[in-house]
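Order of the sequence lines fixes the chain letters, A, B, ..., with proteins taken first and strands second; residue numbering starts at 1 for each chain.
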Amino acid sequence: MIHPSITTRFAPSPTGELHLGNARTALFNWLLAEHNGGRFLLRIEDSDAERSKPKFTKQIMEDLQWLGLSWDGEILAQSQRGAVYREALDKLERAGRVYPCYCTPLEIEVSRKLQLASGRPPRYAGTCRTLNDSERTAKLAEGRKPTLRFKVPDSGLIEFVDLVHGEQRFESADIGDFIVQRADGSAAFFFSNVLDDALSGVTTVLRGEDHLSNTSRQLLIATALELKVPTYGHLSLITAADGSPLSKRHGAKSLRELREQGYLPKALVNHLFRLGHSSDLHDLLDIQKLAVGFKPAHLVRSPARFDPVQLEVWQRQAVHALSSDEALAWMRPQLPDTLDSASAGAFASVFHQNLLLPSDAAYWVQVVFGEPPEHDAEGIKLIRCAGPAFFKAAAAAIRMHGTDWKAVTTAIREQTGRKGPELFKPLRQALTGRHDGPELARLLKIITAARAIARLERLSSAIA
RNA sequence: GCUCCUUUCGUCUAGAGGCCCAGGACAUAGCCCUCUCAAGGCUGUAACACGGGUUCGAAUCCCGUAAGGAGCGCCA
């Protein structure tokens with residue numbers, strides 16, 4: 001590449017659904033690329049054949065698109081890159097930087113337990129590091145399938161500058177020899193991950209902080225292979241409200257679940273933008289504007305808590321920003337199938353600003369198209385206070401003036417002497433069973449005069 | 001156990017020795033507007049984890065302690 005403009009990537013493993021943490025990592029990498037007019041790559045790390053599922057790859061792609069994150073070029077799937085890895089592995093072997101290890105998973109497990117029990121770090125003991133040729137053939141003869149381990153230098157310092165955390169240094173002596181190729185011949189994460197980044201010209205990687213101490217391992221590989229390493233920035237984790245890791249137990253939702261509930265991508269993206277990234281931009285912004293405002297220097301080092309209330313704030317704003325057509329499409333699944341498009345459109349336009357999620361429409365569907373609503377204790381009090389004559393007058397006014405709100409309210413006022421809140425509150429309660437909602441003038445039109453009259457008369461006789 | 005990361009209002013955060021008896025946003029409380037809710041306007045409550053240093057001066061630097069988290073996998 002002549003001029004290395006920024007290239008970022010998102011490299012999920014298709015072993016599950018995208019969750020908030022993943023989504024934020026993807027978003028930040030996308031934002032960074034977009035901000036600099038660079039490229040954003042998508043790579044599927046499906047090297048774990050057991051756990052990787054094509055279904056998840058598909059879901060991840062859909063979720064990213066839904067968020068508005070498009071990637072450049074072809075998607076790289078690690079499962080298709082065996083030959084590339086083989087070549088680099090050969091190079092390492094020839095250079096004597098790796099060695100075959102014949103220890104079985106069980107043996108390693110036992111060794112780890114032993115080390116932990118005696119208060120030592122659970123590292124690979126180096127058993128196979130010094131095997132000679134005849135010992136190796138013997139192991140092979142036992143039917144053992146070797147892995148390939150990277151020979152970590154016994155001493156030395158590994159230093160790098162993290163985009164978020166600044167200068168980092170790790171002791172090579174603290175790192176055990178790690179596996180770069182599994183017994184089945186496939187490449188392991190530390191290895192394939194750096195290699196692919198270098199090969200695709202990735203310049204900057206924003207990833208979870210859980211990779212911070214592993215970075216030294218990857219740097220070791222990169223150095224051995226003479227690869228150019230990307231600049232890493234390690235994002236602090238997103239935690240639950242109590243500061244513990246976000247997990248299903250805390251009701252952490254996958255992106256898909258949030259989406260199915262009716263959360264808007266704009267709400268998610270605006271919320272995520274401010275989690276672990278500071279900005280003086282406080283308005284609901286579209287993703288392009290967020291890209292303009294995204295600054296790696298403003299990445300925050302400390303963990304951020306996921307606050308569902310804050311997400312709701314963004315959701316409310318995002319819903320308000322919807323056009324009427326968008327609002328209709330958004331809540332349509334909650335509306336009766338039998339509803340004609342004109343009525344559905346009218347409904348959406350009346351209730352658009354009063355809903356947080358499409359499921360909130362259910363109540364209003366009931367109010368508008370269904371049976372008269374139930375009243376709570378407070379509502380009943382309000383109704384009794386107004387008295388049967390009031391509702392009788394209201395019914396008569398609607399019978400006379402239809403849904404002409406101005407005429408209706410004037411008639412009720414003249415008939416009952418009630419005005420202002422005295423007039424509107426009991427009317428709203430009677431018609432909707434609630435004390436909040438859209439303007440009554442619009443509500444009456446959609447409820448229809450006939451239904452409103454029936455409702456008011458029934459109430460009038462019920463409390464008489 | 002070892003190594004690493006983190007710690008400012010309820011939440012997200014500003015803050016790189018004096019501009020900070022700590023600023024903003026959201027949430028929250030009150031008021032205004034208003035038929036209600038929302039929106040909008042105004043006002044308020046509310047934080048430097050703790051203990052030692054360094055310094056004329058520390059949220060900011062150093063050392064401890066505590067709490068939370070991560071890594072040490074033939075997971076990524």
Side-chain angles (χ1 to χ4, degrees), chain A residues 11-16 45-48 50-52 78 101 103-105 108-109 112 115-124 145-149 162 164-165 168-171 173-176 178-186 188-190 192-193 207-217 234 236-237 239 241-245 271 273-283 298 300-310 312-314 316-317 319-320 353-356 405 409 418-429 432 434-441 443:
Chain A
S13 71
T15 54
E45 305 223 322
D46 52 355
S47 66
D48 183 344
E50 292 252 318
R51 301 200 305 143
S52 297
Q78 291 195 322
C101 168
C103 300
T104 63
I108 301 288
E109 184 59 27
R112 279 170 52 85
Q115 293 180 81
L116 241 18
S118 63
R120 281 174 295 148
R123 281 201 283 269
Y124 179 62
K145 287 230 168 23
T147 60
L148 234 39
R149 294 193 106 102
D162 185 276
V164 180
H165 295 277
Q168 300 293 314
R169 70 179 46 156
F170 292 89
E171 214 54 76
D174 287 336
I175 305 168
F178 54 91
I179 288 178
V180 289
Q181 185 188 53
R182 306 187 185 100
D184 66 1
S186 63
F189 170 77
F190 293 131
S192 53
N193 185 270
R207 48 163 25 170
E209 205 182 75
D210 46 337
H211 290 294
L212 184 56
S213 30
N214 285 331
T215 303
S216 46
R217 270 166 260 264
H234 289 93
S236 58
L237 272 17
T239 70
D242 61 356
S244 65
H271 186 222
F273 178 73
R274 286 134 179 127
L275 269 190
H277 176 258
S278 71
S279 173
D280 50 7
L281 267 24
H282 295 303
D283 296 331
H298 291 175
V300 173
R301 283 170 296 278
S302 48
R305 294 171 194 232
F306 168 68
D307 182 3
V309 173
Q310 190 61 47
E312 285 186 359
V313 170
W314 291 116
R316 179 165 289 116
Q317 292 191 38
V319 170
H320 284 193
Q353 306 294 328
N354 289 273
L355 309 178
L356 188 61
W405 184 247
T409 49
R418 284 179 168 251
K419 56 181 183 179
E422 293 270 271
L423 189 158
F424 293 106
K425 278 184 155 182
L427 213 46
R428 171 178 293 282
Q429 181 68 42
T432 71
R434 274 168 67 151
H435 67 275
D436 61 351
E439 270 180 80
L440 279 171
L443 264 171

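- No side-chain heavy atom of H435(A) sits under 4.5 Å from any side-chain heavy atom of K425(A).
- Following rounding to the nearest Å, F189(A) (CZ) and C74(B) (C1') show an atom-to-atom distance of 15 Å.
- Nucleic acid contact for D48(A): sugar-phosphate only, since backbone atoms but no base atoms lie under 4.0 Å from a heavy atom of the residue.
- Between H298(A) and H277(A), the angle of the ring planes lies from 30° to 60°, which puts this pair in the tilted group.
- Note: CZ (R120(A)) to C1' (G71(B)) measures 19 Å, nearest angstrom.
- Using a 4.0 Å heavy-atom cutoff across all strands shown, G276(A) reaches sugar-phosphate atoms only and no base atom.
- Between U28(B) and A39(B), the distance separating the two P atoms is 9 Å to the nearest Å.
- Taking 4.5 Å as the limit, every side-chain heavy atom of R217(A) sits out of range of all side-chain heavy atoms of F170(A).
- One interatomic measurement links the two molecules: CG of D280(A) to P of C12(B), which rounds to 19 Å at whole-angstrom precision.
- Here the separation of U8(B) from A59(B), taken at their P atoms, is 15 Å to the nearest Å.
- Where I108(A) and G420(A) each meet RNA chain B at their nearest nucleotide, the meeting point lying more 5' is that of G420(A).
- Counting non-hydrogen atoms under 4.0 angstrom, Q353(A) reaches nothing in the nucleic acid.
- Rounded to a whole angstrom, the distance from the P atom of G23(B) to that of C9(B) is 13 Å.
- Checked against C72(B), C37(B), C5(B), the side chain of D436(A) finds its nearest nucleotide in C37(B).
- Not one side-chain nitrogen or oxygen of S236(A) sits closer than 4.0 Å to the OP1 or OP2 atom of U6(B).
- Of the candidate nucleotides U6(B), C12(B), C5(B), U6(B) has the atom lying nearest to any side-chain atom of S302(A).
- Comparing U60(B) with A49(B), their P atoms are spaced 8 Å from each other, to the whole Å.
- For R301(A), no side-chain nitrogen or oxygen approaches OP1 or OP2 of U7(B) to under 4.0 Å.
- Looking at the side chain of R274(A), the nearest of the listed nucleotides C12(B), C72(B), U36(B) is C12(B).
- Residue contacts for R207(A): at a heavy-atom cut-off of 4.0 Å it reaches no nucleic acid atom on any strand shown.
- The structure places CD of E312(A) at 9.0 Å from CG of D307(A), a figure rounded to the nearest 0.5 Å.
- Remark: A29(B) base-pairs with U43(B). Criterion, Watson-Crick or G-U wobble with two distances under 3.5 Å.
- Look at A66(B): its Watson-Crick or wobble partner, with both distances under 3.5 angstrom, is U7(B).
- Within the shown strands, nothing qualifies as a pairing partner of U34(B) under the Watson-Crick or G-U definition with both distances less than 3.5 Å.
- Residue L423(A) is classed as having no contact, given no heavy-atom separation below 4.0 Å to the nucleic acid.
- Here, G24(B) and A14(B) have their C1' atoms 7 Å apart, quoted to the whole Å.
- Atom CD1 of I175(A) is separated from atom P of A70(B) by 20 Å (rounded to the nearest Å).
- Between V313(A) and H271(A), the closest side-chain pair of non-hydrogen atoms is not below 4.5 Å.
- Counting any heavy atom pair closer than 4.0 Å across all strands shown, A188(A) reaches no nucleic acid atom.
- Of the nucleotides present, G53(B) is the one that pairs with C61(B) by Watson-Crick or G-U wobble criteria, both distances under 3.5 Å.
- When rounded to the nearest whole Å, the span between CG of L356(A) and P of A38(B) equals 13 Å.
- For R51(A), taking side-chain heavy atoms from C-beta onward, the closest of the listed nucleotides A38(B), C75(B), C4(B) is C75(B).
- To the nearest 0.5 Å, atoms CZ (R120(A)) and CZ (R112(A)) are separated by 13.0 Å.
- A gap of 48 Å separates the P atoms of G71(B) and C37(B), to the nearest Å.
- Taking atom P on both nucleotides, U13(B) is separated from C32(B) by 36 Å, rounded to a whole Å.
- Nucleic acid contact class of P105(A) (heavy atoms, under 4.0 Å, all strands): base.
- Taking for each of L440(A) and V164(A) the nucleotide of RNA chain B with the nearest heavy atom, the 5'-most of the two is the partner of V164(A).
- Rounded to an integer number of Å, the gap from R217(A) CZ to G71(B) C1' is 7 Å.
- One interatomic measurement links the two molecules: CZ of R434(A) to C1' of U36(B), which rounds to 11 Å at whole-angstrom precision.
- Among the protein residues, R428(A) comes within range of the nucleic acid bases, having at least one heavy atom under 4.0 Å from a base atom.
- Between A22(B) and A27(B), the distance separating the two P atoms is 23 Å to the nearest Å.
- Annotation: side chain of S13(A) is not in contact with side chain of F189(A) (no heavy-atom distance under 4.5 Å).
- Residue H320(A) is in sugar-phosphate contact alone, with no base atom involved, counting any heavy-atom pair closer than 4.0 Å across all strands shown.
- In this entry C72(B) has G1(B) as its Watson-Crick or G-U wobble partner, both defining distances falling under 3.5 Å.
- Side chain of S13(A), nearest nucleotide from C2(B), A76(B), G69(B): A76(B).
- Candidate nucleotides C12(B), C35(B), C4(B) were compared by shortest atom distance to the side chain of F170(A), and C4(B) ranks first.
- Proximity of R112(A) to the phosphate of G73(B): a side-chain N or O atom is located under 4.0 Å from OP1 or OP2.
- Among the nucleotides U36(B), U3(B), C5(B), the one closest to any side-chain atom of E439(A) is U36(B).
- Base contact: N214(A) has a heavy atom under 4.0 Å from a base atom.
- Note: CG (D307(A)) to P (U13(B)) measures 11 Å, nearest angstrom.
- At a threshold of 4.0 angstrom between heavy atoms, the contacts of F178(A) with the nucleic acid are absent.
- Applying the 4.0 Å criterion to OP1 and OP2 of A76(B), one finds that R182(A) has a side-chain N or O inside that range.
- Within the 4.0 angstrom heavy-atom criterion, only backbone atoms of the sugar-phosphate kind lie near G243(A); the bases stay farther away.
- In this structure G17(B) sits in no base pair that meets the Watson-Crick or G-U test at under 3.5 Å.
- Listed nucleotides U11(B), C5(B), A25(B) differ in distance to L212(A); the shortest reach to its side chain belongs to C5(B).
- Residue H165(A) places at least one side-chain N or O closer than 4.0 Å to OP1 or OP2 of U6(B).
- Here S47(A) lies in heavy-atom contact (under 4.0 Å) with sugar-phosphate atoms only.
- Nearest nucleotide to the V309(A) side chain, out of A27(B), C35(B), C12(B): A27(B).
- Contact annotation: S244(A) side-chain N/O to G69(B) OP1/OP2 distance is not under 4.0 Å.
- As judged by a 4.0 angstrom heavy-atom cut-off over every strand, C101(A) is placed among residues making no nucleic acid contact.
- Closest to the side chain of V313(A), out of A14(B), G1(B), A27(B), is A27(B).
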